[in-house]
Amino acid sequence: MENSNNHPVVVTIEGDGIGPEVMPWTVAAVDAAVKAAYGTERSIKWQEALAGKLAMERTGSPLPTETVDAIREHGLALKGPVETPVGGGIRSVNVALRKALDLYACIRPVRYFEGVTAPVKHPENLDVVIFRENIEDVYAGIEWHEGTPEARKVIRFLQEEMGFDVREDSGIGVKPMSVFGSKRLVARAIQYAAENGRSSVTLVHKGNIMKFTEGAFRDWGYEVANECFPGQTVRESELKKGETITPGKVLMNDRIADNMFQEILLHPERYEVLALPNLDGDYMSDAAAAQVGGIGIAPGANIGDHGAVFEATHGTAPDIAGQGKANPCSLMLSATMMLRHMGWTEAGDRIESAIERLLASGRMTIDLASAAGSSNALTTGEFGKAVVGEVS
């Protein structure tokens, strides 16, 4: 991975559907924020790459080797929503990209923006950062269709060698979760909490049923806290009733996944950082985003030890593509995550603050305006121009 500290190359994947509408305004906002914060001392060199439907049409591959190599070389990418073409040879472009670059941590900060209509009474109480394991669990993609020779072979093995009663007409999937994969995810979550003044990390799992996968995730999470952060973490069970942790330390606790869905609705203020296996994290991140207004304003990042891809968390929305109705907030807020990841916090803060001011004043795209009962919606271009003006 090579990159200049003050003039880095960032790979952009415009994507499909509404991607070509939201990406240019996001790039414009980033350039404006960087210039306003640092003048000519810092700048980003944007390098375009292809993935998804457009890549398939132009190159015959939904994820060209050149795209993966470019991100691997430069270490940073900003990605719009992409479509996985039928017959593309891979189940998901997004998953394939994460696996190719070992982007094992899906990070989703979820918070409320004033002015956005939300389905709960106090959405402002939710301010959580979700760390979801991105490679293992169901994303390992190990499964066999019902009735295939492979499925029958696995069923026979389970019946005859392992003593399990499995119906013959079953589809079969395998859910691998490793010590290595689980610990590095939880370690990143703890490190984030320690560096960003977050006072707790909650391990979310279904370990009461899946004891040797999700239950092990919980155990390995506590182990990595003891092994790598012994002076920085305190386990909830070690506290006496009514006792609080020393300021600056991180409280480690865990919750069963189904109970956590209730907790994040009833007591969102109790949780600051969540660390979850893949499938639990998938559900939880979207459910949390729904509490504050939806994934249209939810940023996301896929980060590994040698690279990072920041992306819109929504889909391609082909039904509104080209109509000026797309909301660029998700991609713009993902770009703020990228800037902070680079250490360019001042520029990232400028974009987030600009979006805050616009939404609080009622200036928003049609998806948010409709939910708020407003008829004064901005087009994608109008909103993008407003953000650029606010950060400049």
Using side-chain heavy atoms (C-beta onward) and a distance below 4.5 Å, is [X] in contact with [Y]?
X	Y	result
Trp46	Val27	yes
Ile303	Arg188	yes
Ile71	Leu97	yes

(request) Could you check whether the rings of Tyr283 and Phe261 sit parallel, tilted or perpendicular, using 30° and 60° as the cut-offs? (result)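 The arrangement is tilted - the two ring planes meet at 30° to 60°.
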
(request) Spell out, yes or no, whether Ile297 and Leu378 are grouped together once hydrophobic residues are joined by side-chain heavy atoms under 4.5 Å, including indirect joins. (result)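 Cluster IDs for Ile297 and Leu378 match.
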
Any donor-acceptor N/O pair, [X] side chain to [Y] backbone, under 3.5 Å:
X	Y	result
Thr148	Trp144	no
Asp137	Pro277	no
Ser334	Glu311	yes
Thr336	Ile351	no
Arg198	Glu272	yes
Lys175	Glu214	no
Glu133	Ile135	yes
Thr316	Pro81	no
Glu21	Gly322	yes

(message) Ignoring hydrogens, what is the shortest heavy-atom contact between Cys228 and Pro230? Give both atom names and the distance.
(response)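 Smallest heavy-atom distance, with atoms named: C-CD, 3.3 Å.
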
(request) Measure across Val391 and Ala32 and return the closest heavy-atom pair with its distance rounded to 0.1 Å. (result)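 Where Val391 meets Ala32 most closely, the heavy atoms are CG2-CB, 3.5 Å.
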
(message) A cation-pi test, strictly: NZ or CZ of Arg255 under 6.0 Å from the centre of the six-membered ring of Tyr271 and no more than 45 degrees from its axis. Yes or no?
(response) no

(request) Give a yes/no verdict on a cation-pi contact between Arg235 and Tyr222, requiring under 6.0 Å between NZ or CZ and the six-membered ring centre and an angle within 45° of the axis. (result)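 So Arg235 does make the cation-pi contact.
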
Is the shortest distance from a Lys or Arg side-chain nitrogen in [X] or [Y] to a carboxylate oxygen in the other one below 4.0 Å?
X	Y	value
Glu146	Arg167	no
Arg108	Asp282	no
Arg218	Asp254	yes
Arg363	Glu382	no

Does [atom1] in [X] sit with more than 12 non-hydrogen atoms of other residues, nucleotides or ligands closer than 6.0 Å?
X	atom1	value
Glu150	CD	yes
Phe212	CZ	no
Glu243	CD	yes
Lys385	NZ	no
Lys99	NZ	yes

(request) Please name all residues satisfying salt bridge (charged side-chain N to carboxylate O under 4.0 Å, His left out) with Glu227, sequence neighbours left out, ordered by chain then number. (result)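 Partners of Glu227 under the salt bridge (charged side-chain N to carboxylate O under 4.0 Å, His left out) test: Lys183.
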
